[in-house]
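Counting starts at 1 for both ligands and their atoms, in listed order.
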Amino acid sequence: METYLPSFHLEGKTAVITGATKGIGRAISISYAEAGANVILISRTKSDLDQLKTDLEMRGTNVQTIIGDVQQYKEIIKRVDDVIGDRSIDVWVNNAGMNIRSEAEKVTEEEWDQIINTNMKSAFFFSQYAAKKMKEQEYGKIINISSVAGHVALRTGVVYAMTKAALIQMTKTLSLEWGKYGIRVNAIGPWYFPTSLTEKLLQNEQYVQDIVDRTPLKRIGELKELAGTAVFLATEASDYITGQTIFVDGGMTIYGF
Ligand SMILES: NC(=O)C1=CN([C@@H]2O[C@H](COP(=O)(O)OP(=O)(O)OC[C@H]3O[C@@H](n4cnc5c(N)ncnc54)[C@H](OP(=O)(O)O)[C@@H]3O)[C@@H](O)[C@H]2O)C=CC1
Ligand SMILES: C[C@H](O)[C@@H]1OC(=O)[C@H](O)[C@@H]1O
């Protein structure tokens with residue numbers, strides 16, 4: 001009898017994750033390793049990369065690490081090219097991101113540059129590089145970690161929101177341009193998840209209550225609930241999905257009033 005249950009495995013696949021050692025990136029990296037992928041982990045802190053590499057290798061995962069700041073994306077691309085050799089890149093996750101939460105009138109050019117370069121410029125040029133590799137095999141998955149902040153207005157900074165909205169539109173436009181090469185480009189738009197990026201905010205009881213009040217599921221998300229979407233978008237289960245942004249948000253973005 002024919003089967004319709006897709007494979008959620010990544011055996012034999014190579015996945016690159018930026019911002020791989022904390023929070024959402026760490027959850028995605030571990031879930032991909034659990035799904036059988038070889039992983040290439042990128043972040044700025046050697047000790048974190050070494051620890052995660054050790055932990056994943058103990059589970060039998062093939063791990064390579066690259067220490068670097070995604071703002072220096074050219075350097076990182078060179079290093080990825082060195083470690084990847086003639087292997088394919090099957091999945092690339094643009095996860096690394098940061099925020100400087102301030103009112104629009106107080107934003108400095110330096111803050112603008114840091115947020116734009118980290119969250120948006122790096123994601124574009126990494127996607128450009130990944131696509132070159134994926135075109136060779138006529139298959140690939142690019143996953144951009146956006147935010148609900150790119151879809152609805154939040155109090156968490158306009159420049160950050162602009163970069164997250166840009167990732168949503170970049171996802172659509174690149175999926176159009178690269179669909180003929182079998183490259184799927186999708187995005188995930190998280191609402192709040194407990195990570196170091198949100199740690200201080202989520203220590204404020206009133207702020208958490210405000211979040212819950214705006215969330216139909218009445219709670220903050222769990223990282224495994226986000227990793228599940230990232231695994232789905234990395235595997236054949238989502239092969240006919242491209243250009244989409246999946247909001248993993250407890251229903252927040254549909255909550256009008
Ligand atoms: N947490 C949340 O509620 C939400 C998060 N997001 C998005 O999810 C993504 C991950 O966020 P989250 O896990 O919370 O963040 P964290 O700050 O917890 O983790 C960020 C990860 O990225 C790495 N990183 C940060 N800056 C750079 C850089 N310039 N170059 C290379 N690596 C970097 C960090 O390691 P190191 O510092 O060692 O480099 C760390 O591994 C971001 O794009 C964020 O905008 C979106 C919506 C909600
Ligand atoms: C949901 C947002 O992306 C969230 O808001 C913040 O202030 C953090 O920067 C998170 O990214």
Centroid separation Phe126 to Trp92 less than 6.0 Å: yes
Residue Gly68 vicinity, atoms of ligand 1 by number, heavy atom under 4.0 Å: 30 (N), 31 (C)
Arg26 and ligand 1 - part of the residue with a heavy-atom distance under 4.0 Å: neither
Heavy atom of the protein closest to atom 16 (P) of ligand 1 (residue, atom name, distance): Ser196 OG, 3.5 Å
Heavy-atom nearest neighbour in the protein, as seen from atom 11 (O) of ligand 1, with distance rounded to 0.1 Å: Leu197 CD2, 4.0 Å
Asn38 side chain to Thr61 side chain, donor-acceptor N/O pair below 3.5 angstrom: no
Closest protein heavy atom to atom 48 (C) of ligand 1, given as residue, atom name and distance to 0.1 Å: Trp191 O, 3.2 Å
Tyr192 ring center within less than 6.0 Å of Tyr207 ring center: yes
Modelled atom types, side-chain donor and acceptor of Asn117 and Tyr73, under 3.5 Å: no
Electrostatic pair Arg26:Asp48 at N-O distance under 4.0 angstrom: no
Minimum non-hydrogen distance to atom 9 (C) of ligand 1, winning option of Asn95, Asn119, Leu41: Asn95
Nearest non-hydrogen protein atom, atom 30 (N) of ligand 1: Val70 N, 2.9 Å
Check: Asp69/Gln71 side-chain N/O donor and acceptor closer than 3.5 Å: yes
Donor + acceptor pair across side chains of Lys141, Ser238 (<3.5 Å): yes
Pair Ile40-Ile17, side-chain contact (heavy atoms from CB on, under 4.5 Å): steps then yes or no: CA-CA 6 Å; Ile40 298 177; Ile17 304 102; over 6 Å; no
Sub-4.0 Å heavy-atom approach of Ala27 to ligand 1: no
Residue and atom name of the nearest protein heavy atom (relative to atom 5 (C) of ligand 1), distance in Å to one decimal: Ile24 CD1, 3.6 Å
Numbering as shown, the atoms of ligand 1 that approach Gly97 to under 4.0 Å (heavy-atom distance): 42 (C), 43 (O)
Atom indices of ligand 1 within 4.0 angstrom of Thr198 heavy atoms, with elements: 1 (N), 2 (C), 3 (O)
Proximity to ligand 1 by part of Tyr160, non-hydrogen separation under 4.0 Å: side chain
Protein contact to atom 7 (O) of ligand 2 [nearest heavy atom, distance to 0.1 Å]: Arg101 NE, 2.3 Å
Residue Lys46 excluded, over 12 heavy atoms near NZ under 6.0 Å: no
Identity and separation of the nearest protein heavy atom to atom 38 (O) of ligand 1: Thr45 OG1, 2.5 Å
Identity and separation of the nearest protein heavy atom to atom 40 (C) of ligand 1: Lys22 CB, 3.6 Å
Thr18 and Asn95: side chain donor to acceptor below 3.5 Å: no
Heavy atoms of other groups near Gln209 CD, more than 12 under 6.0 Å: yes
Close N or O approach (Tyr160, ligand 2; < 3.5 Å): yes
Options Gln71, Arg44, Gln72, ranked by nearest heavy atom to atom 26 (N) of ligand 1, top entry: Arg44
Thr195 N/O to ligand 1 N/O under 3.5 Å: yes
Contact atoms of ligand 1, heavy-atom distance to Gly23 under 4.0 Å: 13 (O)
Ligand 1 N/O within reach of Met98 N/O, cut-off under 3.5 Å: no
For atom 32 (N) of ligand 1, the protein heavy atom that lies nearest, with its residue and separation: Ser43 CA, 3.7 Å
Carboxylate-amine/guanidinium contact Glu225 Arg219, below 4.0 Å: yes
Geometric N/O contact Pro190 with ligand 1, under 3.5 angstrom: no
Exercise: do Ser88 and Gln137 side chains pair donor with acceptor under 3.5 Å: yes
Ligand-residue contact atoms, ligand 1 with Gly19, heavy atoms, under 4.0 Å: 21 (C), 22 (O), 23 (C), 41 (O)
Atoms in ligand 1 with a heavy atom of Ser147 nearer than 4.0 Å: 46 (C), 47 (C)
Ligand 1 contacted by Glu199 (non-hydrogen, < 4.0 Å): no
Polar atom proximity, Phe193 to ligand 1 (N or O, under 3.5 Å): yes
Polar atom proximity, Tyr192 to ligand 2 (N or O, under 3.5 Å): yes
For the student: nearest non-hydrogen atoms of Ala149 and Leu154, plus distance: CB-CD1, 3.6 Å
Ala149 contact mode with ligand 1 (heavy-atom cut-off under 4.0 Å): neither
Over all atoms of both residues, closest heavy-atom pair of Met98 and Leu197: CA-CD1, 4.3 Å
Atom indices of ligand 1, in the order listed, that fall short of 4.0 Å to a heavy atom of Asp69: 28 (C), 29 (N), 30 (N)
Salt bridge Asp210-Arg155, side-chain N to carboxylate O under 4.0 Å: yes
Atom 20 (C) of ligand 1 protein-contacted (non-hydrogen atom, under 4.0 angstrom): no
Interfacing atoms of ligand 2 (cut-off 4.0 Å, heavy-atom, Ser147): 1 (C), 2 (C), 3 (O)
Heteroatom proximity flag, Asp48 to ligand 1, N/O under 3.5 Å: no
Flag if over 12 foreign heavy atoms under 6.0 Å of CD, Glu138: no
Hydrophobic cluster membership, Met120 vs Val107, 4.5 Å side-chain cutoff: yes
